[in-house]
Undergrad: 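This is the structure I have questions about; it appears just below.
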Amino acid sequence: MSTSSHSAGSPVICWFRQDLRLADNPALLAATQSGAPVICLYVLDDKTPGKWARGGASRWWLHHSLAALSASLEELGARLVLRRGDAFEIVTGLASELGAQRVFWNRCYEPFARERDTSIKTRLKQAGCEAETFNGALLIEPWNLKTKDGGPYRVYSPYFRALAPHCDDIAPLPAPSSVTDGSQGVHSDALSSWSLLPSSPDWATGFGPVWTPGEDGARARLETFCEDAARDYADTRNLPGTDGTSRLSPHLHFGEISPRQIWHHAVSHVPAGKGRETFLKEIGWREFSYNLLFHFDDLPESNYQAKFNGFPWNFDETVFKNWTRGQTGYPIVDAGMRQLWQTGWMHNRVRMIVASFLTKHLLIDWRRGEEWFWDTLVDADLANNAASWQWVAGSGADAAPYFRIFNPVTQGEKFDEAGHYVREWVPELTNLPEKYIHAPWTAPADVLARAGITLGRDYPKPIVDHARARERALAAFSSLKDAA
DNA sequence: ACAAATTTGCG
DNA sequence: GCAAATTTG
């Protein structure tokens, strides 16, 4: 490593990662307040994460989010430097090349990120450069919330009860009013050269109309939600045919908005009540997932409950493809899978239904579903994805009754009563009357004929029989108990 | 209100 | 020791 110059004029680096925003960004604020010129850096590293390199939908979002961040930084007088490659090499190399005094970043919690950041910190230190790191992504970091025994929480409710008091006095940080740019002469890749957007085929045509990536879009989404839907959230969040949820998940994943900003805004703008309480609890679930990932770092790969290691999964390529393509013959499942494919997002209630269907009706390993979601969700997030898949599969941190097997018909009837959601995403069922919309195979022949549907031609017959699948899943769980 | 039951977290 | 545990049917 070359000799660093530590003159007063030497720059600092602000390394953006999953914090693509200006407001409530402790690393950015500290970097600007250091008084030194700042190099704002983003590194696209597809090597360090291994199998958890960003998936396709997530890359679409990243492209637009970086474009937005770059534009807002320019308004403050700074350029966003883009580099692609091994983050360790790039960050330590750039710091050394430029004689940076300090590197600022907000902490990440993915196991590969923690390992990477630790080695970067060590290497920087050896070269006389300090890494200064901050909490920009969580209400409270995992090592700061322990049970009375000193161990990590493994049950959500007590976790949330312990978390909430820490959120009483949140005061989000302001955005810096200006940034002194230190990036003159520093090479930046062109964003377009990263090819984050799909070309042929362009599977993302349905994404643009639904999403506004970037800090402004995140802010607008939060404000609209708190004005319109938050009050009734406890009831409407379960109805996939309505705009009952916040849709903040991709913004949160990329750090276009922080959970501290969300908590603070909700508490100040939504009247106290069931809706607000339920929404804050959802923010709490995200924290709980990060807590789990931090303390059980193989959560994305291994059953949290070891007894599931002997579970008789039964992978079938054809059946799996039917699931991914929304061709299972269960309308609520197919609607969800198609919404996911077309918009990069799926309503939370439906995520639970399709995940339960994959793991319990089809007996396909939750890790296959986790991988599919990783590639297709714009909000793909290692902690949330892993914790949630394990939760549904029954292998996760949950005193789950093993008999919790979602019935895709009754779930549909309960949460999409009029069938609006199904009709939106499974248009071939548009003309099927409400009465049969969640179970087309029960419709009399003349009803199907009038709706213009021949089962097996226009829409699949169910790929499994619910009652039999349920029995099979229960038997599989019993086999676990016997083995143990 | 129940099921069937283990594990967690607090006292 | 004892109460409690998102989302089930």
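First the proteins, then the strands, lettered A, B, ... as listed; each starts at 1.
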Undergrad: Out of B:dG11, C:dA5, C:dT8, which nucleotide sits closest to the side chain of A:Ser157?
TA: C:dA5

Undergrad: Would you measure the distance from the P atom in B:dG11 across to the matching atom in C:dA5 and give it in whole Å?
TA: 15 Å

Undergrad: Under a 3.5 Å cut-off for both contacts, is B:dA4 paired Watson-Crick or G-U wobble with anything, and if yes, with which nucleotide?
TA: none

Undergrad: Inspect the surroundings of CG in A:Asp446 and state if more than 12 heavy atoms from other residues, nucleotides or ligands are less than 6.0 Å away.
TA: yes

Undergrad: Given C:dA5, C:dG9, B:dG11, which nucleotide is nearest the side-chain atoms of A:Thr410?
TA: C:dG9

Undergrad: Which part of the nucleic acid, if any, lies within contact of A:Arg237, taking any heavy atom under 4.0 Å across all strands shown: a base, the sugar-phosphate backbone alone, or nothing?
TA: base

Undergrad: Do A:Asn106 and A:Asn135 meet the criterion of a side-chain donor-acceptor pair at a distance under 3.5 Å?
TA: no

Undergrad: Figure out the CG/C1' separation between A:Asn238 and C:dT8, and round it to whole Å.
TA: 13 Å

Undergrad: Rounding to a whole Å, what distance do you find between A:Glu413:CD and C:dT8:P?
TA: 15 Å

Undergrad: Given C:dA5, C:dT8, C:dG9, which nucleotide is nearest the side-chain atoms of A:Asn407?
TA: C:dG9

Undergrad: Rounded to whole Å, how long is the line connecting atom NZ of A:Lys146 with atom P of B:dC10?
TA: 14 Å

Undergrad: NA contact type, A:Lys414, heavy-atom cut-off 4.0 Å: base, sugar-phosphate, or nothing?
TA: sugar-phosphate

Undergrad: In whole Å, what is the span from the CD atom of A:Glu471 to the P atom of C:dG9?
TA: 14 Å

Undergrad: Which nucleotide wins on minimum distance to the side chain of A:Arg470, given the candidates C:dG9, B:dC10, B:dT8?
TA: C:dG9

Undergrad: Output the rounded distance in Å from CZ (A:Phe288) to C1' (C:dA5).
TA: 11 Å

Undergrad: Taking the side chain of A:Lys148 as its heavy atoms from C-beta onward, which of B:dG11, B:dG9, C:dT8 lies nearest to it?
TA: B:dG11

Undergrad: Separation of A:His361 atom NE2 from C:dG9 atom P, in whole Å?
TA: 10 Å

Undergrad: Expressed as a whole number of Å, how far does the P atom of C:dA4 sit from that of B:dA1?
TA: 15 Å

Undergrad: Have A:Trp389 and A:Glu371 got a donor and an acceptor in their side chains that come within less than 3.5 Å?
TA: no

Undergrad: Can you find a heavy atom in the side chain of A:Ile120 that is under 4.5 Å from one in the side chain of A:Trp105?
TA: yes

Undergrad: If only side-chain N and O atoms of A:Tyr159 are considered, is one of them under 4.0 Å from the OP1 or OP2 phosphate oxygen of B:dC10?
TA: no

Undergrad: Can you tell me if A:Gln305 touches the phosphate of B:dT7, counting only side-chain N or O atoms and a distance under 4.0 Å to OP1 or OP2?
TA: no

Undergrad: Measure from NZ on A:Lys307 to P on B:dT7 and round the result to the nearest Å.
TA: 6 Å

Undergrad: Which of the following nucleotides, B:dC10, C:dT8, B:dT8, is nearest to the side chain of A:Arg349?
TA: C:dT8

Undergrad: Where the side chain of A:Arg161 is defined as all heavy atoms beyond and including C-beta, which of C:dA5, C:dG9, B:dG9 is the nearest nucleotide?
TA: C:dA5

Undergrad: Can A:Glu471 and A:Lys360 be counted as an ion pair, charged N to O under 4.0 angstrom?
TA: no

Undergrad: Work out how far the P atom of C:dG1 is from that of B:dA4, and round it to whole angstrom.
TA: 27 Å

Undergrad: For A:Glu115, is the CD atom crowded, meaning more than 12 foreign heavy atoms sit under 6.0 Å from it?
TA: no

Undergrad: What's the CD1-P distance between A:Ile405 and B:dA3, to the nearest Å?
TA: 18 Å

